[in-house]
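These notes concern the structure reproduced below.
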Amino acid sequence: IMTTIGYGDATPTPTSMREVLVVMAVQLLGTTVFAYVVGALIGIILNLSPGTKLRAQNLKYLNQFLGEVRTTFALRRCVRLNLLYREKVKGVFPEADLLAGMDPELRLAVVHHTYCRTVLPKAPALCALEAEHRGAFSVVLPRLKPYAFGLDDALVYPALGPHREMVFLTLGTAQATLWSPAEDQAHAKDKGHGHGGGGGGGKVR
């Protein structure tokens, strides 16, 4: 009451309809202004860090999805860790759309600044590529897809036509395995079913 219509030291005369109507109008106006100010302050506080807001929203949606599919605790933990790692490396904003509207030199500077503390120190091959071909950073880095793998996770890349994959291991170790179509067919025959094609893969250690 003190913030909208005063301390109560000035009151309308009960027998004066005009004074009562004026006080009612002042009450409504004061309450409206007070609610508007509070809402504006809350909006300012919530928008101080839009990145934090988007991260919390993404994590909320992910938790709701995991709750609907009734996953195990271990699987939920792995999925959350993967999301947090991806957002740490790539961020939560539409990077590709933002970079597409920049000129090449500005895009290169922004990409270098974005990844100089996360990916580049752990991927010297990219630095060597940039030294030979200026601007390679702005083409390759935005297309990277960061993943967080657990122990004994496996990656399989079948050789079905032209297929190329480049993997940068920034933490931990992995074992790469290559096999030929003949080995693949022999393995399939031992399992009771045959299929052609070869490929490669890796297993996280």
Quiz prompt | Audit row: L141, L120, side-chain contact (heavy atoms from CB on, under 4.5 Å) steps and yes/no | solution = CA-CA 9 Å; L141 289 176; L120 294 181; 4.0 Å; yes

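- Within a 6.0 Å sphere centred on CZ of F65, heavy atoms belonging to other residues, nucleotides or ligands number 12 at most.
- Summarising the local packing, CE of M24 is surrounded by 12 or fewer heavy atoms from other residues, nucleotides or ligands at distances under 6.0 Å.
- The structure places CG of L66 at 7.0 Å from CG of L75, a figure rounded to the nearest 0.5 Å.
- Taking 4.5 Å as the limit, every side-chain heavy atom of R77 sits out of range of all side-chain heavy atoms of T72.
- Scanning both residues, L126 and F137, for their nearest heavy atoms gives O-CE2, 3.3 Å.
- Taking hydrophobic clusters as Ile, Leu, Val, Met, Phe, Trp and Tyr residues chained together by side-chain heavy-atom distances below 4.5 Å, L29 does not share a cluster with V22.
- Contact between L129 and V140 at its shortest, heavy atoms only, is CD2-CG2, 4.2 Å.
- From C78, atom SG reaches atom CG of L83 across 13.0 Å, with rounding to the nearest 0.5 Å.
- Following chains of ILVMFWY side-chain contacts shorter than 4.5 Å, one cannot reach V33 starting from V26, and the two form parts of different hydrophobic clusters.
- Both L99 and L106 are part of a single hydrophobic cluster, where members link through side-chain heavy atoms under 4.5 Å apart.
- A distance of 10.0 Å separates OH in Y36 from CG in L41, rounded to the nearest 0.5 Å.
- Side chain of S138 to main chain of G135: a donor-acceptor pair is present (N/O by atom type, distance under 3.5 Å, no hydrogens or angles).
- R80 meets the side-chain hydrogen bond (donor to acceptor under 3.5 Å, both in side chains) test with N63; sequence neighbours excluded.
- Annotation: the span from L54 atom CG to L59 atom CG amounts to 12.5 Å, rounded to 0.5 Å.
- Listed by first and then second residue, the side chain to side chain donor-acceptor pair (under 3.5 Å) pairs involving residues 94-110 are E95-Y115, E105-R134 (not counting sequence neighbours).
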Practice problem: Please lay out, stage by stage, how N58 and L62 fare under the test side-chain contact (heavy atoms from CB on, under 4.5 Å). | Solution: CA-CA 6 Å; N58 292 340; L62 179 63; over 6 Å; no

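- Judged as a salt bridge (charged side-chain N to carboxylate O under 4.0 Å, His left out), not a single pair has a partner in residues 35-60 (not counting sequence neighbours).
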